[in-house]
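Heads up: the structure comes next, in structure tokens.
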Amino acid sequence: MKDQNIKKVLLLGSGALKIGEAGEFDYSGSQALKALREEGVETILINPNIATVQTSEGVADRVYFLPVQPYFVERVIQKEQPDGILLAFGGQTALNCGVELYKSGVLEKYNVRVLGTPVQAIMDTEDRELFVEKLDEINVKTIKSQACENIEEARKAAAELGYPVIIRAAYALGGLGSGFCDNEEELNKLAEKAFSFSPQVLVEKSLKGWKEIEYEVVRDRYDNCITVCNMENFDPLGIHTGESIVIAPSQTLTNSEYHKLRALAIKIIRHIGIVGECNVQYAFDPQSEDYRVIEVNARLSRSSALASKATGYPLAFVAAKLGMGYGLFELKNSVTKTTSAFFEPALDYVVCKIPRWDLSKFRGVDKELGSSMKSVGEVMAIGRNFEEAIQKGLRMIGQGMHGFVENKELEVPDIKEALHAPTDKRIFVIAKAMQRKIYSVDEIHEITKIDKWFLDKLRHIVDIDDELRKCTSINVLSKELLRTAKVYGYTDFQIARAVGLEKELGNMHKATLAVRALRKSYGIVPYVKQIDTLAAEYPAQTNYLYLTYAGVAHDIKFEKDKNSIVVLGSGAYRIGSSVEFDWCGVQALISLCNDQLQPRDSIYRL
């Protein structure tokens with residue numbers, strides 16, 4: 001049951017947007033504030049980011065536009081005298097600030113309770129040495145590593161572990177200050193950089209090439225646990241998860257592998273003592289079922305936002321309620337409105353997250369991807385198969401791409417080298433290698449260590465393109481081939497270009513319209529599907545929708561009453577277009593709902 005002594009709660013936001021900490025934490029904080037408001041709790045927010053939804057009027061009772069730093073937070077605590085504080089909804093910035101307040105005795109001095117995961121549990125996950133010790137207690141494998149306080153210790157640790165190693169900074173964001181070292185010279189440079197961000201650096205044995213898997217896990221104070229979602233990185237270990245294409249649910253794990261890692265995730269968060277939500281990241285050896293736990297985030301993360309939208313399970317909302325003392329069995333899933341929050345989602349679709357980089361805006365920048373994040377935004381695409389989802393996602397990132405098949409503008413002098421050294425364009429390098437038949441799936445796997453399942457699916461997209469290119473005219477484009485192309489994520493534009501209709505009809509616009517007309521004459525049209533999280537096992541009422549050609553009926557009924565309004569968002573975050581346009585869109589939607597032009601339940605109705 002809810003703790004009745006909690007009347008006023010302070011929530012720490014993430015502060016300014018930065019790489020690795022952007023709109024997902026505005027989302028987490030907004031959902032938490034919404035959950036607290038529903039409980040009649042007075043809310044105080046500290047966040048200097050003026051563009052966010054959570055700092056809008058009506059979300060929190062009081063908003064302080066102050067830095068999320070111990071000095072300023074203490075002043076606010078002194079003035080407001082809150083009963084509790086939430087640290088898990090503002091990313092690494094809020095977490096680090098909360099740990100400092102706890103260590104310095106400020107929280108104890110003003111009798112402020114940390115709601116949700118205890119601070120000691122946070123410290124056990126953030127301090128690499130404590131983390132390894134904690135997991136050793138339950139015989140869970142971690143990456144062989146040593147925590148170091150200076151460069152001399154780092155050199156000694158690397159020599160003992162044997163190169164290659166990876167350097168990681170503790171309490172750092174988005175892999176800041178991390179990287180791989182093949183020798184002592186590289187280690188000296190990286191360690192110096194890492195120590196400028198953190199007092200503690202971890203030197204780990206490199207497991208480059210292993211799979212990277214994540215589980216989002218929820219636990220209440222009664223020790224009830226569920227795994228909400230598991231995700232798999234397209235890229236193997238060595239590329240930061242924020243730089244990688246991510247697929248949910250995992251596609252290449254066997255049933256035994258999936259359940260082995262799920263059981264381990266639950267064992268870990270029970271032992272650490274998480275209350276609320278956390279994310280467990282694994283390195284997994286596909287050859288032997290061997291694994292290592294990379295890290296545990298004892299807070300809402302970027303992956304949590306992805307998992308929430310991918311499954312329709314309101315992670316941040318539920319985590320805030322659990323922090324107030326509720327059990328999972330006492331809560332309803334506010335999105336499905338039918339199931340308990342103590343219910344693991346089941347997906348009958350594939351979700352694909354693709355990062356967006358703006359590296360071309362900077363002269364002389366290194367475009368190679370590694371363990372430190374460079375991406376400034378991301379998109380999420382949904383489809384009935386992997387091919388459809390990834391093709392949609394590549395178009396969504398807003399960089400002029402029309403899908404997976406060859407991007408004619410991309411110049412690659414040396415394809416093998418480009419596959420070895422991953423850049424923001426590696427997915428299109430793979431397309432070139434496949435379309436020009438330079439390398440087979442097995443050879444690309446050997447070079448990149450990307451799982452063959454993913455590469456086979458990409459090969460399938462290229463095979464469809466090859467079939468389309470055999471059509472010399474729109475008149476020989478069969479209904480079966482056209483339907484296959486649409487089901488696997490091809491646009492009318494892509495099909496027209498593959499068939500060569502531009503030359504035949506004079507311009508690309510006419511060519512695209514010709515394919516569209518033919519498609520509609522065959523009755524090949526898209527259907528609107530809901531993210532129902534229950535794989536149609538129970539009726540659901542989500543407002544998360546996606547379009548697919550791999551369907552036979554709509555999941556929702558269209559009113560067609562001429563009383564609907566479309567609000568266009570800004571797409572993927574990029575430099576110059578970020579959370580401020582999320583704020584604009586949300587404010588527009590709230591105004592429309594208040595005017596009752598089209599009253600509907602909204603994720604953001606406050």
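Because the structure is a prediction, the values reported are computed rather than measured. In this chain, numbering begins with 1 at the start of the sequence shown.
Using modelled atom types, one side-chain atom of Glu344 and one backbone atom of Thr227 make a donor-acceptor pair closer than 3.5 Å. At distances below 3.5 Å, at least one donor-acceptor pair connects side-chain atoms of Ser375 with backbone N or O atoms of Gly242. A donor-acceptor contact shorter than 3.5 Å links the side chain of Thr117 to the backbone of Val275. Remark: the backbone N or O of Gly323 is not paired with any side-chain donor or acceptor of Arg221 at under 3.5 angstrom. Listed for the Arg219 side chain is a donor-acceptor partner under 3.5 Å among the backbone atoms of Ile274. Side chain of Arg37 to main chain of Ala32: no donor-acceptor pair is present (N/O by atom type, distance under 3.5 Å, no hydrogens or angles). Between the side chain of Arg356 and the backbone N or O of Ala572, no donor-acceptor pair lies under 3.5 Å. Side chain of Ser301 to main chain of Asn297: no donor-acceptor pair is present (N/O by atom type, distance under 3.5 Å, no hydrogens or angles). The backbone N or O of Ala319 sits nowhere less than 3.5 Å from a side-chain atom of Glu277 that would complete a donor-acceptor pair. Looking only at distances, a side-chain donor or acceptor of Asp26 sits under 3.5 Å from a matching main-chain atom of Val53.
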Walk me through whether Asp555 and Val528 qualify under side-chain contact (heavy atoms from CB on, under 4.5 Å). CA-CA 6 Å; Asp555 279 355; Val528 176; 5.9 Å; no

Mind running side-chain contact (heavy atoms from CB on, under 4.5 Å) on Val9 and Ile6 for me, showing each step along the way? CA-CA 7 Å; Val9 172; Ile6 304 294; 3.3 Å; yes

After noting the C-alpha distance and the side-chain angles of Thr93 and Lys18, does the key distance pass the side chain to side chain donor-acceptor pair (under 3.5 Å) rule? CA-CA 10 Å; Thr93 301; Lys18 50 201 91 91; 3.1 Å; yes

side-chain contact (heavy atoms from CB on, under 4.5 Å) for Trp357 and Glu243? Distances and angles first, verdict last. CA-CA 9 Å; Trp357 296 268; Glu243 301 284 83; 3.2 Å; yes

Derivation of the side chain to side chain donor-acceptor pair (under 3.5 Å) call for Ser304 and Glu24: CA-CA 8 Å; Ser304 310; Glu24 51 277 316; over 6 Å; no

Stepwise side chain to side chain donor-acceptor pair (under 3.5 Å) check, Asp124 with Gln120: CA-CA 6 Å; Asp124 286 343; Gln120 187 55 54; 3.1 Å; yes

Take Asn49 and Ser14, measure what side-chain contact (heavy atoms from CB on, under 4.5 Å) needs, and give me the verdict at the end. CA-CA 8 Å; Asn49 193 339; Ser14 65; 5.9 Å; no

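Nearest heavy-atom pair across Ile575 and Asp358 is N-OD2, 2.7 Å. Pairing each heavy atom of Cys278 with each of Ile269, the nearest pair is SG-CG2, 3.0 Å. Here the shortest heavy-atom pairing between Phe25 and Arg299 reads CZ-NH1, 3.6 Å. Considering every non-hydrogen atom in both Val112 and Gly84, the closest pair reads CG1-C, 3.8 Å. Here the shortest heavy-atom pairing between Ser577 and Ser570 reads OG-CB, 3.7 Å. Annotation for Asn279 and Glu216: closest pair ND2-OE2, 3.0 Å, computed over non-hydrogen atoms.
Side-chain atoms of Gln92 and Glu126 include a donor-acceptor pair closer than 3.5 Å. Glu212 and Ser244 form no side-chain donor-acceptor contact under 3.5 Å, judged by distance and modelled atom types alone. Counted by atom type alone, Thr55 and Asn47 present zero donor-acceptor pairs between their side chains at under 3.5 Å. Judged by distance alone, the side chains of Thr548 and Glu388 do bring a donor and an acceptor atom under 3.5 Å apart. No side-chain N or O of Thr241 forms a donor-acceptor pair with one of Gln281 less than 3.5 Å apart. In this structure, a donor-acceptor pair under 3.5 Å is present between the side chains of Ser303 and Glu214. At a cut-off of 3.5 Å, with distance as the only test, no side-chain donor of Ser104 or Lys109 sits close to an acceptor on the other residue.
Geometrically, Lys529 does not engage Tyr544 in a cation-pi contact, judged by NZ or CZ lying under 6.0 Å from the ring centre and within 45° of the ring axis. Geometrically, Arg262 does not engage Tyr258 in a cation-pi contact defined by less than 6.0 Å to the ring centre and at most 45° from the axis.
Remark: Glu80 engages Arg62 in a salt bridge, criterion side-chain N to carboxylate O under 4.0 Å. No salt bridge links Glu330 with Lys321; every basic N to acidic carboxylate O contact stays at or beyond 4.0 Å. Residues Asp223 and Arg270 are paired through a salt bridge, judged by an N-O separation under 4.0 Å between the basic side chain and the carboxylate. The pair Lys8-Asp61 does not meet the salt-bridge criterion, since no charged nitrogen lies less than 4.0 angstrom from a carboxylate oxygen.
The side-chain heavy atoms of Tyr349 and Tyr546, taken from C-beta on, include a pair separated by under 4.5 Å. Inter-residue side-chain proximity for Val246 and Phe234 is flagged as unmet; no heavy-atom pair is nearer than 4.5 Å. Side-chain atoms of Val217 and Val228, non-hydrogen and from C-beta on, never get closer than 4.5 Å to each other. Between Asn385 and Val350, the closest side-chain pair of non-hydrogen atoms is not below 4.5 Å. Counting only heavy atoms from C-beta outward, the side chains of Lys309 and Tyr27 approach each other to under 4.5 Å. Residues Phe342 and Asn224 meet the side-chain proximity criterion, which asks for heavy atoms closer than 4.5 Å. With a 4.5 Å cut-off on side-chain heavy atoms, Ile213 and Met231 do not count as touching. The shortest distance between side-chain heavy atoms of Ile245 and Cys352 falls below 4.5 Å.
In this structure, the separation between CD1 on Ile226 and CG on Asp220 is 9.5 Å, given to the nearest 0.5 Å. Taking CZ of Arg75 as the reference point, atom CD of Gln69 lies at 12.5 Å (rounded to 0.5 Å). Note that the CD1 atom of Ile294 and the CD1 atom of Ile143 stand 5.0 Å from one another [nearest 0.5 Å]. For the atom pair CD of Glu580 and CG of Asp582, the computed distance is 9.5 Å after rounding to the nearest 0.5 Å. Leu322 contributes atom CG, which lies 11.0 Å from atom CZ of Phe317 (distance to the nearest 0.5 angstrom). Distance check, rounded to the nearest 0.5 Å: CG of Leu101 to CG of Leu12 gives 7.0 Å.
By the 30° and 60° cut-offs, the orientation of the rings of Tyr222 relative to Phe329 is tilted. Below 30°, between 30° and 60°, or above 60°: for Tyr282 and Tyr291 the angle between ring planes is above 60°, a perpendicular geometry.
Within a 6.0 Å radius of CZ in Arg574, more than 12 heavy atoms belonging to other residues, nucleotides or ligands are found. At most 12 heavy atoms of other shown residues, nucleotides or ligands fall within 6.0 angstrom of atom CH2 in Trp583.
With Ile44 as the fixed residue, the side-chain contact (heavy atoms from CB on, under 4.5 Å) test singles out one of Ile85, Leu33, Leu11, Leu10: Leu10.
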Hey, can you pull the donor-acceptor pairs under 3.5 Å for the side chains in residues 133-141, sequence neighbours left out?
unit_1 : atom_1 : unit_2 : atom_2 : d
Glu137 : OE1    : His271 : NE2    : 2.8
Lys141 : NZ     : Asp290 : OD1    : 2.8

